[in-house]
Colleague: 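Got a structure for you, questions after.
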2 protein chains.
Amino acid sequence: MSVEGSLKSPAGADPGLDTRARLIEAAGEVFAEVGFKQATVRDICAKAGANIAAVNYHFRDKETLYAETIAHAHRYSVEHYPMDGGLPPTAKVEQRLEAFVRTFLAKILDPNRPSWHGLVMSREMQEPTLSLDTIVETGVRPNFHYLCDLVRELGPHLNPVEVEGSAASVIGQILHYFHCRRIIARLYRGRTDGFPYDLDLLTGHITAFSLAAIRGLEQQSRHRAENTR
Amino acid sequence: MSVEGSLKSPAGADPGLDTRARLIEAAGEVFAEVGFKQATVRDICAKAGANIAAVNYHFRDKETLYAETIAHAHRYSVEHYPMDGGLPPTAKVEQRLEAFVRTFLAKILDPNRPSWHGLVMSREMQEPTLSLDTIVETGVRPNFHYLCDLVRELGPHLNPVEVEGSAASVIGQILHYFHCRRIIARLYRGRTDGFPYDLDLLTGHITAFSLAAIRGLEQQSRHRAENTR
DNA sequence: GAGGGATTCAAACTTTCGTTTGAATCAAAC
DNA sequence: GTTTGATTCAAACGAAAGTTTGAATCCCTC
């Protein structure tokens, strides 16, 4: 009946995957786009080319499907987007910071599918649903610690609040382009340079901004230490 | 019947306000907390101590109630949280940046009610619902322009991408503490210093971080200009 | 090719939620 | 005191969405 494509595979579903895999793939896109609550299993099943009852058969319910999707995204994330960006630990700390920023941004902004793996995690950050503790401990905290180590290496004299605050500042800058993407799209509408969406440009700016900030704070800390000596 | 409180005013509703005002007040809290779609009029009416039909009577429907709530929040915001923080335009630019950061943070983090006025706007940023263009043009863009002016004043040699990128970096740092507040609460659980929630501490860090960053970028820009002369 | 487990399907069930309705209540005017 | 308009109320309606069901279909094994 349909003019193009095979008979059984509906819009956007990879026919090479079995139903269970197609469901997770479709669920990832939908959950990433609208969050857990607003996603409908009818929509997910339609995207996956599966019957509505499939989610009950292959997973128990919507919540379990979500949990499996998050788990899948997390595995994919650590495998394809290592936070050191593939650099050896001996690489210069500036390079490792840039790699961290670039990897994080790519995970979130990459318009190529499957790009939802980072998105669902970001979604989860703003609208935690279930097993938040697990996600924090296995997903967020290691990233945060790694970044704190980088900051400490760049600014050995910073106090703990400055270190953790700077790490939060870096992450905040990155996630901003995800959380406020719709507003940003309006704000920058009509630009000719690809500013808010050019990965290299964005990586360069956030890295340079953060490096300059941390070095400046470090310098102030050293001054303070010398004056109170 | 009830042991405490008056007979007619239910949980958390200010009996001094009429039903319409109580509805907006309750709606503001609920919308700020969970967003438009996930908010239920039943919940809002219960918080306001009003009948379920009240939202249909005083407003036409949930969407109109939301629009009025956003409008109310915006009016309240420009009135009570001026982005210059009440400083005269002659104040030093560093002070004006600090005032901008502090005002923005207060608008979002202030645990005192009514603090939802800034929250609904932030919510709207991540989940635009209606009249997004109006919100961007009247609420977001003026803020963004003001901040860009501050950045330009601090770094006259920065190119447009650096200016707008830096402004986005400042806003991203601030909003991070709203968007990821639930994750942050887990991440910092058990801290003794009030780090992520102390307005002075947070203002100080974000201001210092951003100032150092912009100054560093400005210095690099000057070097670049001198070397290519 | 018959049996049997796995999978898919259309349909219905149940809950939640926005909305509507028509009666009841209140308050001010006459 | 009655009238009239505004407001509040309990109840129900209808659509949307998660879940369940039992039959139909597919596919592998013997």
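Each chain gets a letter, A, B and so on, in the order its sequence line appears, and its residues count up from 1.
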Colleague: Could you tell me the separation between the CG atom of B:D43 and the C1' atom of C:dG18, rounded to a whole number of Å?
Modeller: 14 Å
Colleague: Please tell me if the side chains of A:Y76 and A:E79 come closer than 4.5 Å, counting only heavy atoms from C-beta onward.
Modeller: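 Side chain of A:Y76 against side chain of A:E79, heavy atoms only: no contact under 4.5 Å found.
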Colleague: Does A:R141 have any salt bridge (charged side-chain N to carboxylate O under 4.0 Å, His left out) partners at least two apart in sequence or in another chain, and if so, which?
Modeller: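 A:R141 satisfies salt bridge (charged side-chain N to carboxylate O under 4.0 Å, His left out) with A:E137 only.
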Colleague: Rounded to the nearest angstrom, tell me the gap between atom CD1 in B:I44 and atom C1' in C:dT19.
Modeller: 14 Å
Colleague: If only side-chain N and O atoms of A:H58 are considered, is one of them under 4.0 Å from the OP1 or OP2 phosphate oxygen of C:dT8?
Modeller: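 Answer is yes, contact under 4.0 Å.
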Colleague: Tell me every residue that passes salt bridge (charged side-chain N to carboxylate O under 4.0 Å, His left out) with A:R186, counting only those two or more places apart in sequence or in another chain.
Modeller: B:D133
Colleague: Calculate the interatomic distance between A:R20 atom CZ and C:dA6 atom C1'; express it in whole Å.
Modeller: 15 Å
Colleague: Who passes salt bridge (charged side-chain N to carboxylate O under 4.0 Å, His left out) against B:R102, sequence neighbours left out?
Modeller: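 Applying salt bridge (charged side-chain N to carboxylate O under 4.0 Å, His left out) to B:R102 gives B:E98, B:D200.
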Colleague: Counting primed atoms plus P, OP1 and OP2 as sugar-phosphate and everything else as base, spell out the protein contacts along nucleotides 15-26 of chain D at 4.0 Å heavy-atom distance: B, S or - for each nucleotide, 5' to 3'.
Modeller: --BBBBB-----
Colleague: Quick one: list whatever passes ring pair (Phe, Tyr, Trp, His ring centres under 6.0 Å) with A:H145, sequence neighbours left out.
Modeller: none
Colleague: Just how far, in rounded Å, is C1' of C:dC17 from CG of B:L65?
Modeller: 15 Å
Colleague: With a cut-off of less than 4.0 Å, is there a side-chain N or O of A:T19 near OP1 or OP2 of C:dT8?
Modeller: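 Indeed, a polar side-chain atom of A:T19 lies that close.
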Colleague: Starting at OH of B:Y57 and ending at P of D:dT7, how long is that distance when rounded to a whole Å?
Modeller: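 Nearest whole value for this atom pair: 4 Å.
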Colleague: When the side chains of residues 49-59 of chain A are checked against the rest of the protein, which donor-acceptor pairs come out under 3.5 Å, sequence neighbours left out?
Modeller:
unit_1: A:N51; atom_1: OD1; unit_2: A:A53; atom_2: N; d: 2.9
unit_1: A:N56; atom_1: ND2; unit_2: A:R60; atom_2: O; d: 3.2

